[in-house]
Number of protein chains: 2
Amino acid sequence: MKRVTIYDISEILNISPSTVSRALNDSPSVKTKTKEKIIEVAKQLNYFHNKTASRLKTGKNNTVGIIVPYINHSIFSAIIQVIEEILAPLGYIILICQTYEKTVNEIKHIQSLLTNQVECIFVSVTMETINYDHFKKVTSAGIPLIFFDRKADIENVSSVILNDFKSAYKATEHLIEQGCKRIAHFKGNQNLEIYRNRYDGYLKALKDYKIPVDPDLIISCKSSIEEGKRAFNELYNANISLDAIFSPNDHAILGAYQEIKNYNIKVPEEIALVGFSNEIFTKYIEIPITTVFQNPELMGTKAAKFFLEQTNKETTDITHKNEIIEGTLLVRASSKKR
Amino acid sequence: MKRVTIYDISEILNISPSTVSRALNDSPSVKTKTKEKIIEVAKQLNYFHNKTASRLKTGKNNTVGIIVPYINHSIFSAIIQVIEEILAPLGYIILICQTYEKTVNEIKHIQSLLTNQVECIFVSVTMETINYDHFKKVTSAGIPLIFFDRKADIENVSSVILNDFKSAYKATEHLIEQGCKRIAHFKGNQNLEIYRNRYDGYLKALKDYKIPVDPDLIISCKSSIEEGKRAFNELYNANISLDAIFSPNDHAILGAYQEIKNYNIKVPEEIALVGFSNEIFTKYIEIPITTVFQNPELMGTKAAKFFLEQTNKETTDITHKNEIIEGTLLVRASSKKR
DNA sequence: TTGTACGCGTTATCAA
DNA sequence: TTGATAACGCGTACAA
């Protein structure tokens, strides 16, 4: 099926294509009467503007790309939601890509977005990524690169991340204040800055309150219900005494909770629980779980704003902003011992 | 910043742009040696392919659009996830748009996707939409239009939806089998086919089991926790006796549950609850809620497959498929009386 | 195996 | 206010 072009319209009306183009762009230098005629015919022919051609000509693309590990994970979908909400009304098109935590996919998507001439790339890096060359390609092409939630440590980029260290510190401190002394930690993938920071926040709080760090209480654990079950069972079967668990994600703490319930151990009296992310189930579970609210809406808003500020600036030199958002500890029944 | 083009490469190497183009497209008719030289220089110049130009030239766009009410609602994000998973490896770019349940946004996005020359549009229509002219523009432009979860009743489209009627019937039947006789229904927005069908399924089950339909038990309710609370309180304050609630969404049943708990009414003994959608919290709540699993992964997969079948077909005539997926009733504690 | 020449659909520039 | 023309960057038929 042949698409209708401005030439088709111009031929029918016996006017030049340039006038048609002007009319359809609502240029003031076209007589209202001609404009009306043109729009009328365009409608009749079911014409629609070819943005591809217009992009090529003008160089203005009105497109941004977002790369996340999984778009259906609550924090990412919330952030994408907000970015779309802000940019779509301004005429931007949003391209989305998923990495599934694989660096190869990240590289492919960066490449693809560059060839698509996007005006900005928003990224939350994978757990795997240790080499940042693909990101450098973006900045050296002069395209704004904005990290959210998880960032790569490179020059000339903007970022909006959570104060993971402080949030984890507050979470651990809270457990200590509840009287807990044997606080286990489900240590996340240390490739990721966020998990390193959450781990460090945990360690620092223990140190500040002069609670010895027991390596037996620190167990590597991925972000899933199954992993949380496994991690708790390892501790349980090894007969390691503990009175609290701080998990850097909610899924693992949910898994642990289910096992704890199986063993008829009381929460929070015998074991207090704190998670991270404010997943919706933490609020509605039998014993609501204390967790850290990351404010993804604010993250998305800031990220979008950073882009708009950069792109609207007349000057060519790009300014970079790195913002750290404070997390909010939501204290719920799973940790309230006092 | 001026972007690097194949002309820049061709000048440096003193070869024609066409050879550069061929080399970069890995054409077999370019000597390996020249190819290598070209790729080398391209790398040095940080060249990347301009898909906009190539699209204009070839007419092949490799882009699809997805329009949903909210991308962060679990069913939609799950479906988008799967569509991306299937199409991205094939080289497709995914454009996403949110309507926020507003027809005006739907119209704007359809228009925008058309001007973006997408090869296919996947849509889940808003609750508001009653006029389908904007969808007809898509089909008359010869672009595949594929509905998922919620469809518009028009010609020449494909769709993948749930058997909402049967799922609601099964849900209601299950309550009846548990001995419930006064089953309330949180009637959803009847603009939406899915809510009409769920309502009809409820009515049909009552009828088949010869249980009188009591209008007092049918109360309009939107999909939110607050609305569920309101709806339950209306029933409660009006002193209407009931022994079960079937809600066509999980959020409202959660709201109702919270109020029921406040009143110290026993679930499921005094009131049995059934929701719809298998939101994650239904599984982990204190009393797990019986609900209908919609299998969004399957919906997304089918939708993507429909597109691929159409687009890979050599013939120009488009075939349309309308698939109805069966829901699965997940029976949990909130309705198990026997 | 490589080069020449043109066109995809639009818009910007200049002239009328 | 409108028209003619060139150009955006690429791909391809055709020629060499």
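Naming: A, B, ... by sequence-line order, numbering from 1 per chain. The shown structure was predicted, so the numbers you read here are calculated from the model rather than taken from an experiment.
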Trainee: Hey, is the side chain of A/Ser21 poking within less than 4.0 Å of OP1 or OP2 on C/dT11, counting only N and O atoms?
Mentor: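 Checking C/dT11 against A/Ser21, a side-chain N or O does come within under 4.0 Å of OP1 or OP2.
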Trainee: In this structure, how many angstroms lie between the P atom of C/dG9 and the CZ atom of B/Arg55, rounded?
Mentor: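 Result: 15 Å.
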Trainee: Checking only heavy atoms, does the side chain of B/Lys57 share a donor-acceptor pair with the base of C/dG7 at less than 3.5 Å?
Mentor: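 Indeed, a donor on one side and an acceptor on the other fall under 3.5 Å apart.
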Trainee: Starting at atom NZ of A/Lys51, determine the distance to atom P of D/dG9, rounded to an integer number of angstrom.
Mentor: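 It works out to 19 Å between those atoms.
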Trainee: Can B/Glu128 and B/Lys102 be counted as an ion pair, charged N to O under 4.0 angstrom?
Mentor: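 Judged by the 4.0 Å cut-off on N to carboxylate O distance, B/Glu128 and B/Lys102 do form a salt bridge.
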Trainee: So, OP1 or OP2 of D/dG9: does either fall under 4.0 Å of a side-chain N or O from B/His49?
Mentor: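 No, B/His49 has no side-chain N/O under 4.0 Å of OP1/OP2 on D/dG9.
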Trainee: Before accepting this row, confirm whether a basic side-chain N of the pair B/Glu155/B/Lys136 lies closer than 4.0 Å to the acidic partner's carboxylate O.
Mentor: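 Answer for the salt bridge query: no.
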Trainee: Any ion pair linking B/Glu36 and B/Lys31 (charged N to carboxylate O, less than 4.0 Å)?
Mentor: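 No.
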Trainee: Rounded to whole angstrom units, what separation is found between the CD1 atom of B/Ile6 and the C1' atom of C/dT2?
Mentor: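 For the pair B/Ile6 CD1 and C/dT2 C1', the rounded distance is 14 Å.
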Trainee: Rounding to a whole Å, what distance do you find between B/Lys31:NZ and C/dG3:P?
Mentor: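 To the nearest whole Å, that distance equals 10 Å.
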Trainee: Examine D/dG11: is either OP1 or OP2 under 4.0 Å from a nitrogen or oxygen in the side chain of B/Asn25? Give yes or no.
Mentor: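 B/Asn25 to D/dG11 OP1/OP2: side-chain N or O found under 4.0 Å.
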Trainee: Show the nearest heavy-atom pair for residues A/Leu24 and A/Ala42, with the distance to one decimal.
Mentor: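 Closest pair (atom of A/Leu24, atom of A/Ala42, distance): CD2-CB, 4.2 Å.
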Trainee: Does the base of D/dC10 carry an N or O that pairs as donor and acceptor with the side chain of B/Tyr7 under 3.5 Å?
Mentor: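 Indeed there is one.
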Trainee: Please tell me if A/Ser16 has a side-chain N or O lying less than 4.0 Å from either OP1 or OP2 of D/dG3.
Mentor: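 Result: yes.
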Trainee: Categorize A/Ser18 for me: base, sugar-phosphate, or nothing, with a 4.0 angstrom heavy-atom threshold over every strand shown.
Mentor: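 It contacts base atoms.
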Trainee: Could you tell me how far apart A/Lys35 (NZ) and D/dT1 (P) are, to the nearest whole angstrom?
Mentor: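 After rounding, the gap between these two atoms is 9 Å.
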Trainee: Separation of A/Gln117 atom CD from D/dC8 atom C1', in whole Å?
Mentor: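 A/Gln117 atom CD is separated from D/dC8 atom C1' by 11 Å.
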Trainee: Answer with base, sugar-phosphate or nothing: what part of the nucleic acid does A/Thr5 contact at a heavy-atom distance below 4.0 Å?
Mentor: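 It contacts sugar-phosphate atoms only.
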Trainee: B/Phe147 and B/Phe122: aromatic ring centres closer than 6.0 Å?
Mentor: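 When the ring centroids of B/Phe147 and B/Phe122 are compared, they turn out to be at least 6.0 Å apart.
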Trainee: How many Å lie between CG on A/Leu24 and P on C/dT10, as a whole number?
Mentor: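 Atom CG in A/Leu24 sits about 9 Å away from atom P in C/dT10.
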Trainee: I'd like to know if A/Arg22 reaches the base of D/dG3 with its side chain such that a donor and an acceptor end up less than 3.5 angstrom apart.
Mentor: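 In this structure, the two groups form a donor-acceptor pair.
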Trainee: When you measure from the side chain of A/Ser54, which nucleotide among D/dC10, C/dT2, C/dT10 comes out closest?
Mentor: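 The closest nucleotide is C/dT10.
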Trainee: Using a 4.0 Å heavy-atom cut-off, does B/Thr34 contact any base of the nucleic acid, only the sugar-phosphate backbone, or nothing at all?
Mentor: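 It contacts sugar-phosphate atoms only.
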Trainee: Looking at D/dC10, C/dT10, C/dG9, which one has an atom nearest to any side-chain atom of B/Ala53?
Mentor: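 Of the candidates, D/dC10 comes closest.
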Trainee: From NZ of B/Lys60 over to P of D/dT12, roughly how many Å is that when rounded to an integer?
Mentor: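 Interatomic distance, NZ of B/Lys60 to P of D/dT12: 13 Å.
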